[in-house]
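Model, not experiment: these values are computed from the prediction.
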Amino acid sequence: MSLLVVGLSHRSAPVSVLERASLSTDAQFKLLQDTVAAEPAAEAAVLATCNRIELYADVDKFHAGVAELSTLLAQHSGVGLEELTPYLYVHYEDRAVHHFFSVACGLDSMVVGEGQILGQIKDSLARAQELHTAGRLLNDLFQQALRVGKRAHSETGIDRAGQSLVTFGLEQLAAGEDVRDWARGKRALVIGAGSMSSLAAATLARAGITELVVANRTLDRAERLAQILTEGGGTADVSARAVPMESVPAELTRADVAVSCTGATGLVLTAEAVAAAVEGRTGAPAAFAEESAAPDVQPLPPTSVGADENCPLDLAAAQQSAVQQSAVQQSGFSVMGEAAVAGMDAATLEQHAAWVDNAAVDRRLVARRSPETDAELITALAATAAAVGRIPERRRPEPVAVPARPQPVLFLLDLAMPRDVDTAAHRLAGVRLVDIESLSEASADAPMAADVDQVRRIVADEVAAFGAAQRAAHITPTVVALRAMAADVVAGEMARLDGRLPGLDDKHRAEITQTVKRVVDKLLHAPTVRVKQLAAEPGGAGYADALRTLFDLDQETVAAVSRAEDSTEKNAQNRGPA
């Protein structure tokens, strides 16, 4: 077994890189075909989800395999290899199996324990089988991963360790409020009709949404989903209808909640479209938060240049400097302008501050300042700081009141990768946007349930069992070839006996044949059983070579047995995954 996986996920790469590296269905097909056409790889499968892209392959050379798979990922993702490499991870043989089983159980998901990954693994296997890029190793691996994932969910409470991505996203939108209370009475727009969008629609319906609109590029799929939601059992009463994608702007104006998860390569909802929807709901233009939240600072009245008596600053020179630096674009000089006082020594600034406070200032004091005087002031300042633990402030700035951000009138959940919703919508007042990146940040510190440890033990046991089974399977063709050679020996000896005893009747001949076969079987039984046991243990791969050497087995005979088994297995697998 030479299983190799090269990939990147939300754990290794920022969302911006994952977004750019995402693979369309056509790109996945081409990647699979090019991988098996490459020299180091005999089998290949791609697992591409909203937060991971992984290429699995059976390779005969580790270093060459890593180089080839990394290059192919870069080529088909459109992200340069030099840029992509720092975010790639590599797992080999048992570590690759352990990683994949952990992924199947939801341990490596953004939200621990989510079960949607099992459906994505099943789809990946079906895709590889359709293109005939999955052989014995990857078929066994993916089938076993599906069983391990189902076992983890049925035998443990891993489902309680984390919610599905949809549920978690809705909880983030609700911002601490119970999702059912938050959703009750709201109208929702779901953009897309795939598995994630369907899950979001069903979750919203169960949460108490009263009206749900499904928009999709293929209207038939949207209509089927709307019909399922309307007629589906177990969900609350919800009015569901389907609309074409062209109706999204109008429907967004009516919706309280919008969930988007499409396969689009560009933005589905721009910041301008979201702002227009908010304006349509409120009747007022939607402002960006930075603009609406800017403090209302009233600058001091500008000072008349050159007309201020006793001011220690040369205001005319300061004003000219400010104009030259394009830092002050108005006539006069504001004491809040940094450009006007840039480069002035501390003593002069101190004199200016005293003048602003209407204190008596003697310009002659400035001339009397010396390095010795500055040193004394610094020493005194240091002593004061040591005594009180901080540098004393002469004047505390007045606190600036920042207007509170208005309550959201439109909630957006973007579950797509690449993004469907412009990230600039985060800054729109009246909008709350939760996307893959914010979900990742919110779930990074989520507490791990005790069930996770139990799942990890299941994964460890299953990895050991899978490795043992693969190593045992590796020696099976050699054992089969050995028994075939023994059968040929028996047949040859019986033919020679027929030449020596031509008058031997059929009854006695059959008895002799059966006796010789029993002797051969008994002699081979213990060695073949024991060699399978030894081969299943770590480091047991060499027993197949030892068996071939000891019994002088023809390598081509062993290979022919392997090809025959692969052909039989492939015919069974073409009937579809379990």
Side-chain angles (χ1 to χ4, degrees), residues 5-13 15 18-19 21-29 31-32 35 44-57 73 76-77 89 91 96-97 99-131 133-134 138-153 158-159 162-169 192-203 221 259-264 414-418 420 436 439-440 443 455 459 576-578:
V5 55
V6 177
L8 67 160
S9 73
H10 64 99
R11 295 186 183 275
S12 69
V15 172
L18 280 172
E19 193 174 41
S22 61
L23 298 171
S24 65
T25 301
D26 290 342
Q28 292 178 44
F29 278 24
L31 175 58
L32 288 174
T35 302
V46 174
L47 178 60
T49 71
C50 61
N51 51 31
R52 77 176 62 250
I53 304 165
E54 296 178 340
L55 179 56
Y56 291 79
L73 269 177
H76 290 275
S77 68
Y89 49 76
H91 298 294
V97 177
H99 168 76
F100 191 44
F101 287 0
S102 297
V103 169
C105 293
L107 291 181
D108 198 59
S109 296
M110 184 178 295
V111 180
V112 174
E114 62 93 11
Q116 187 182 6
I117 187 66
L118 289 175
Q120 294 164 334
I121 290 174
K122 190 172 183 178
D123 291 342
S124 297
L125 175 59
R127 189 178 302 114
Q129 289 178 340
E130 179 184 349
L131 294 178
T133 63
L138 292 186
N139 272 290
D140 288 349
L141 176 70
F142 275 65
Q143 296 280 11
Q144 187 66 16
L146 292 171
R147 288 190 286 268
V148 174
K150 292 175 183 177
R151 180 188 169 192
H153 284 278
I158 188 66
D159 295 310
Q163 307 91 348
S164 72
L165 206 58
V166 171
T167 304
F168 190 62
S195 57
M196 183 72 84
S197 299
S198 300
L199 177 61
T203 304
R221 296 190 63 183
V259 180
S260 187
C261 186
T262 72
D414 183 3
L415 299 173
M417 184 62 67
D420 279 349
I436 291 295
L439 281 176
S440 178
S443 63
V455 173
V459 169

Exercise: do Thr49 and Gln120 side chains pair donor with acceptor under 3.5 Å: no
Shortest non-hydrogen contact between Cys105 and Val459, atoms and distance: SG-CG2, 3.8 Å
Heavy-atom side-chain proximity of His153 to Leu118 below 4.5 angstrom: yes
Rounded distance [0.5 Å steps], CG in Leu31 versus CG in Leu23: 6.5 Å
Point-to-point distance, once rounded to the nearest 0.5 Å, from OG1 of Thr133 to CG of Leu32: 4.5 Å
Leu138 side chain reached by Leu125 side chain, heavy atoms, under 4.5 Å: no
Over all atoms of both residues, closest heavy-atom pair of Ala152 and Val455: CB-CG1, 4.0 Å
Interatomic distance, Leu141 atom CG to Tyr56 atom OH [nearest 0.5 angstrom]: 7.5 Å
Nearest atoms (heavy-atom pairs only) where Ala45 meets Ala128: CB-CB, 4.1 Å
Minimal non-hydrogen separation, Ile53 against Leu18, with atom names: CD1-O, 4.4 Å
Which residues share a salt bridge (Lys or Arg N to Asp or Glu O under 4.0 Å) with Arg52, sequence neighbours left out: Glu54, Asp108
Heavy-atom pair of closest approach, residues Ala104 and Ala145: CB-O, 3.4 Å
Distance (rounded to the nearest 0.5 Å) between Leu415 CG and Asn51 CG: 10.5 Å
Validation row: Val148, Phe100 side chains within 4.5 angstrom (heavy atoms): no
Flag, side chain of Ser77 to backbone of Leu73, donor-acceptor distance under 3.5 Å: yes
Within-4.5 Å side-chain heavy-atom neighbours: Asp414 and Ile436: no
Value rounded to 0.5 Å, distance of CZ in Arg11 from OH in Tyr89: 9.5 Å
CG on Asp26 to NE2 on His76, rounded to 0.5 Å: 12.0 Å
Closest non-hydrogen atom pair, Cys261 against Ser197: O-OG, 3.0 Å
